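Proteins come first, then strands; the chains are lettered A, B, ... in the order of their sequence lines, and each starts at number 1. We use all heavy atoms of the structure for the numbers below, so side chains are in, but hydrogens, waters and symmetry mates are not. Given the structure is predicted, the values throughout are model-derived calculations rather than measurements.
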2 protein chains.
Amino acid sequence: MIYNMPKKKQIVSDLSTEEKIKEAARKVFTEKGYAAARTRDIAEEAGINLALLNYYFRSKEKLFDEIMLEKMQQLFGVMFPIVSDETLPLENKIDLIVQNYIDMLIKNPNLPLFVLNEIRNPSKTFDKNFPISKMLKNTSLVNQIKEARPDLNPVHFLLNILGMTIFPFIAKPIFGHVGLITEKEFTSLLNERKKLIPVWIKAILKSK
Amino acid sequence: MIYNMPKKKQIVSDLSTEEKIKEAARKVFTEKGYAAARTRDIAEEAGINLALLNYYFRSKEKLFDEIMLEKMQQLFGVMFPIVSDETLPLENKIDLIVQNYIDMLIKNPNLPLFVLNEIRNPSKTFDKNFPISKMLKNTSLVNQIKEARPDLNPVHFLLNILGMTIFPFIAKPIFGHVGLITEKEFTSLLNERKKLIPVWIKAILKSK
DNA sequence: GTCTATAACCTGATAGAC
DNA sequence: GTCTATCAGGTTATAGAC
């Protein structure tokens with residue numbers, strides 16, 4: 001019986017080989033970025049051979065494109081259903097966006113820095129009509145903001161919500177390096193912000 | 001006479017060779033990041049030979065370290081004198097920080113993404129006592145925030161000010177790719193924010 | 001499907017002539 | 001100081017055995 005017990009290293013091993021490679025690629029690419037990531041690292045992380053990686057994905061870039069698409073959907077997907085909901089009042093939308101983002105980003109802290117950094121490279125392929133473009137058109141959220149503050153460009157408020165919510169994760173490396181805040185303190189700060197940011201945004205919407 | 005006229009390519013050529021290389025390195029490193037930047041690109045951009053780059057700076061990493069230090073000082077240097085000023089009232093500090101940052105970042109749009117991204121790499125050398133660490137100690141600004149809002153961690157407000165100010169530059173690549181906002185619109189939005197963010201921050205400080 | 005061995009290429013760095 | 005030519009090492013990708 002003991003011979004059938006999975007070894008510790010095999011926790012993840014019931015995944016298909018393809019999925020093991022993707023899982024490793026997610027880790028290595030998001031940690032190091034495309035240019036600094038080596039296919040050897042990914043293969044080792046996946047517990048397989050380098051040749052096998054190319055057997056499944058043909059090239060580093062093809063593998064990267066799959067992960068990148070996935071990560072972009074993960075980052076932008078949080079907003080999309082909320083933004084376009086026609087029935088939800090503005091205040092509830094704000095609550096949900098902030099809470100969902102912070103919850104998701106606590107689990108994927110370096111997602112924003114990864115995506116926003118790699119997206120600069122024009123060689124990578126993106127859909128011109130990705131969520132963000134739709135977000136800035138006549139979605140329910142934007143219309144609600146326009147109604148609340150017809151005097152200002154609604155983009156200001158999107159930048160405020162996302163800036164307050166996402167920026168801590170982008171600035172995290174600094175705090176880390178400086179060693180001024182522990183992982184625990186950082187997380188509890190973020191949990192406070194889940195409730196505080198919506199309050200602040202509503203104050204801003206009414207300001208002056 | 002015409003023979004002494006500088007050619008177009010020579011606009012920058014009265015700089016010393018060392019400075020030409022650094023100027024090229026600033027451009028290439030901030031655009032592509034350390035890993036994706038090639039010393040050949042830098043040499044070409046500087047209009048000199050690859051060997052000469054190594055003659056002046058011994059290695060890619062040494063050259064990078066000089067640029068990185070410079071860029072960190074540029075990014076964090078904006079805050080430092082304002083934050084520690086003992087005489088300036090809180091409201092004026094907020095005005096100055098936001099305005100100075102936006103003015104500087106309009107001239108160096110990809111500075112934040114570059115620094116915040118490269119700073120993750122622990123191999124690079126940083127002073128453990130860099131501005132940020134001092135900012136979070138008992139600087140004048142932090143004490144003023146504590147006085148205004150003793151009920152909340154002052155870090156929240158630093159994250160709000162910096163998030164609202166810096167995030168637009170980090171998110172810029174998205175808007176660019178999506179092609180929803182022109183360079184001009186983006187700049188005019190930022191100029192609006194110079195006046196708006198301080199108003200919002202003050203509203204937040206008083207909220208609830 | 002998975003491996004070992006190796007090809008093909010790229011990049012940082014140096015030797016040496018001028 | 002500046003160049004050309006080249007080396008040494010590393011990285012992606014493939015050929016071919018099992």
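In this model, the phosphate group of dT11(C) is not approached by any side-chain N or O of Thr39(B) to a distance below 4.0 Å at OP1 or OP2. In this model, the phosphate group of dT2(D) is approached by a side-chain N or O of Tyr56(B) to a distance below 4.0 Å at OP1 or OP2. Within the structure, every side-chain polar atom (N or O) of Arg40(B) is placed at least 4.0 Å from both OP1 and OP2 of dT11(C). Using a 4.0 Å cut-off, some side-chain N or O of Thr17(B) falls inside it from OP1 or OP2 of dT2(D).
Residue Leu52(B) places its side chain closer to dG1(D) than to any other of dG1(D), dA13(C), dG1(C). Across dT11(C), dG1(C), dC3(D), the shortest atom-to-atom separation from the side chain of Tyr55(A) is found for dG1(C). Set against dC3(C), dT14(D), dC3(D), the side chain of Asn54(A) has dT14(D) as its closest nucleotide. Distances from the side chain of Asn49(B) to the nucleotides dA13(D), dT4(C), dT4(D) place dT4(D) closest.
Whole-Å rounding puts the Lys60(B) NZ to dT11(C) P distance at 9 Å. With rounding to whole Å, Asp41(A) atom CG is found 8 Å from dT11(D) atom P. A straight line from CZ of Arg58(A) to P of dA13(D) spans 10 Å, rounded to a whole angstrom. Between Lys20(A) atom NZ and dG1(C) atom C1' there is a gap of 11 Å when expressed in whole angstrom units. In this structure, Phe64(B) places its CZ atom 13 Å from P of dG12(C), rounding to the nearest Å. Look at CD on Glu61(A): it is 9 Å from P on dA13(D), rounded to the nearest Å. As rounded to whole Å, 15 Å separates atom P of dG12(C) from atom CZ of Phe57(B). The CD1-C1' distance, from Ile48(A) to dG1(C), rounds to 11 Å in whole Å.
Counting non-hydrogen atoms of neighbouring residues, nucleotides and ligands closer than 6.0 angstrom, the CD atom of Glu185(B) exceeds 12 such neighbours. The neighbour count for Lys146(B) NZ, taken as heavy atoms of other residues, nucleotides or ligands under 6.0 Å away, is above 12.
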Inset, instruction - Start with the C-alpha gap between Phe29(B) and Phe114(B), add the side-chain angles, then the distance that decides, and say whether ring-ring contact (aromatic ring centres under 6.0 Å, His included) holds. - result: CA-CA 8 Å; Phe29(B) 277 137; Phe114(B) 168 72; 7.3 Å; no
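The ring of Phe167(B) has its center no closer than 6.0 angstrom to the ring center of Phe167(A).
Using a 4.0 Å heavy-atom cutoff across all strands shown, Ala37(A) reaches sugar-phosphate atoms only and no base atom.
Both Arg38(A) and Ala51(A) lie near DNA chain D, and the one whose nearest nucleotide falls closer to the 5' end is Arg38(A).
Remark: Lys60(B) qualifies as a cation-pi partner of Tyr34(B) under the 6.0 Å distance and 45° angle criteria applied to the six-membered ring.
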